[in-house]
Amino acid sequence: TALINPNFLNQFTSAVVFLKEESFKKGIAELLPPTWAESPQFFVLSIFVGSVLFIKIVVSILKNNLSMQDVVNSFLVITFFYLGKSSLRFIFIFAIVSGPIMVKNIIGIIELLNLNKKFRDGRLSHYALSLATLAIVIWIGFYSYLAIEKMWVFRRTYQHFGFGFRYDVVPEKALRFMDNNNIYGKVLNQFEWGQYITWRDFPKRQASIDGRGSVSEELFTIHISGIKRSQPLFLPKLYEKYGFESILIKVPTWKENRQSFILSDDWAIVYWDELAMLFLRRGGPYDHIIKHKEYKFNEVKTRLGETW
């Protein structure tokens with residue numbers, strides 16, 4: 001039944017396909033490959049895991065004790081190392097997969113070299129396993145503390161632990177405005193809002209792009225370079241090709257963008273809150289809404305003063 005869907009096999013292969021597209025890698029930071037300057041922990045972990053794996057295989061061969069499990073573990077580590085090396089997004093998967101294998105290999109090396117008998121009556125494996133367990137507990141506790149105290153990467157408001165749904169990071173108010181005024185159909189949306197719009201409103205409202213990135217390179221480039229900055233050159237062409245009547249974006253944070261988008265004659269601002277701005281196309285099916293809801297120039301200028 002998994003194959004009975006509009007995308008057929010694409011749902012299983014799309015991630016690999018997108019990782020081969022240089023435009024996606026350049027546009028999404030976490031799809032870039034790790035470097036020593038930015039992600040030294042990946043290379044340190046890789047060297048350590050690779051060294052332990054190499055020693056385990058060599059010792060197993062010398063002791064004539066190489067098993068199929070050693071071969072499987074080797075391929076697992078190599079596969080997920082390559083995945084982590086290809087993209088920052090997958091480093092944590094490499095760590096999750098290689099961690100248990102590394103601990104098991106260390107214990108295997110100790111047993112193959114009979115280090116148990118040479119150290120405190122054969123308890124070295126027990127100590128190694130206990131030390132590894134303690135390290136994992138400390139690691140989990142450390143990251144939990146960072147999350148609770150909102151430190152490091154957890155200082156980002158949208159990455160806090162908790163229950164419920166964070167409506168303050170999605171354009172829920174703007175979408176309710178669109179519902180109340182019967183604004184449906186295709187919408188040119190902010191990249192990171194696409195999945196929420198699809199989850200909330202499909203099929204009555206269709207997002208132009210979401211986190212899966214399954215769009216043309218042209219449209220993806222526009223989203224990454226910034227809808228606001230690209231508007232004078234690209235929006236007319238995008239409208240002709242995709243036929244959207246509304247644009248839902250974040251409130252701009254760059255002063256240089258306001259002249260290129262806010263003052264455009266082709267699109268009218270009809271909704272504005274602390275997070276989102278909604279534009280409707282002039283001369284389209286929503287002219288009656290523009291007539292009653294549009295922000296005039298003086299109103300926009302005043303609110304821009306609050307924003308910048």
Side-chain angles (χ1 to χ4, degrees), residues 7 10-11 14-33 86-90 153 156-159 165-178 183-254 256-258 260-262 264 267 269 271-281 307:
N7 295 314
N10 290 344
Q11 61 178 326
S14 59
V16 177
V17 173
F18 293 137
L19 282 176
K20 293 181 179 179
E21 296 290 338
E22 290 301 320
S23 59
F24 287 91
K25 287 187 177 182
K26 294 177 181 178
I28 303 178
E30 63 182 17
L31 291 183
L32 293 173
S86 68
S87 173
L88 291 168
R89 174 180 288 183
F90 303 116
V153 296
R156 302 165 184 164
T157 58
Y158 57 86
Q159 290 184 333
F165 192 89
R166 293 289 305 276
Y167 286 105
D168 57 327
V169 296
V170 293
E172 175 61 25
K173 294 179 183 177
L175 292 172
R176 289 178 185 174
F177 174 88
M178 297 175 75
I183 302 172
Y184 298 115
K186 298 178 180 178
V187 55
L188 182 65
N189 59 278
Q190 197 83 21
F191 173 75
E192 58 267 34
W193 291 344
Q195 47 267 47
Y196 178 70
I197 295 173
T198 300
W199 172 78
R200 180 188 187 275
D201 293 330
F202 186 83
K204 64 181 181 181
R205 186 173 293 122
Q206 298 97 45
S208 59
I209 190 171
D210 59 31
R212 294 171 297 179
S214 53
V215 295
S216 67
E217 182 176 341
E218 175 194 32
L219 183 56
F220 181 81
T221 302
I222 300 308
H223 279 272
I224 293 302
S225 62
I227 297 174
K228 299 176 288 297
R229 285 175 285 173
S230 306
Q231 187 271 341
L233 180 62
F234 292 107
L235 273 184
K237 295 181 180 179
L238 287 175
Y239 170 74
E240 291 179 5
K241 185 171 184 178
Y242 297 102
F244 49 86
E245 296 291 342
S246 59
I247 301 175
L248 186 61
I249 61 169
K250 285 184 177 180
V251 174
T253 56
W254 301 305
E256 61 268 23
N257 290 335
R258 56 183 172 182
S260 66
F261 198 98
I262 304 300
S264 170
W267 298 85
I269 307 176
Y271 177 85
W272 190 333
D273 61 30
E274 66 278 1
L275 180 65
M277 302 175 72
L278 175 64
F279 294 78
L280 297 179
R281 188 179 66 87
T307 304

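Starting from 1, each residue takes its place in the sequence as its number.
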_Taking side chain to side chain contact (heavy atoms under 4.5 Å, CB included) as the definition, give me every residue that meets it alongside Leu275, ordered by chain and number, with sequence neighbours left out._
Trp193, Asp273
_To check you understand the geometry: which heavy-atom pair defines the closest contact between Asp168 and Arg166, and what is its length?_
OD2-NH2, 2.7 Å
*For the pair Trp199 and Phe165, name the ring-plane relationship: parallel under 30°, tilted 30 to 60°, perpendicular over 60°.*
parallel
_Rounded distance (nearest 0.5 Å) linking atom CD1 of Ile209 with atom CD1 of Ile197_ = 11.5 Å
*Among all residues two or more places apart in sequence or in another chain, which pass the side-chain hydrogen bond (donor to acceptor under 3.5 Å, both in side chains) test with Arg176?*
Glu172
*When the ring planes of Trp267 and Phe244 are compared, do they come out parallel, tilted or perpendicular, using 30° and 60° as the limits?*
parallel
*Identify the two heavy atoms, one from Ala174 and one from Leu248, that lie closest to each other, and give their separation to 0.1 Å.*
CB-CD1, 3.7 Å
*Dump the intermediate steps for side chain to side chain contact (heavy atoms under 4.5 Å, CB included) on Ile249 and Phe279, then the final yes or no.*
CA-CA 9 Å; Ile249 61 169; Phe279 294 78; 4.0 Å; yes
*Of the non-hydrogen atoms in Lys250 and Met277, which two are nearest, and what is the gap between them?*
O-SD, 4.2 Å
*Going from OG1 on Thr198 to CG on Asn189, what distance comes out if it is rounded to the nearest 0.5 angstrom?*
7.5 Å
*side chain to side chain contact (heavy atoms under 4.5 Å, CB included) between Tyr242 and Leu188, worked out*: CA-CA 9 Å; Tyr242 297 102; Leu188 182 65; over 6 Å; no
*asked:* Evaluate Phe177 against Trp272 for side chain to side chain contact (heavy atoms under 4.5 Å, CB included), listing each step before the verdict.
replied: CA-CA 10 Å; Phe177 174 88; Trp272 190 333; over 6 Å; no
*Smallest separation among heavy atoms of Ser246 and Met178, with atom names*: OG-CE, 3.8 Å
*Nearest 0.5 Å, what's the CD1-CD1 distance between Ile269 and Ile247?*
10.5 Å
*asked:* Has Arg205 got a side-chain atom pairing as donor or acceptor with Ile183's backbone, closer than 3.5 angstrom?
replied: yes
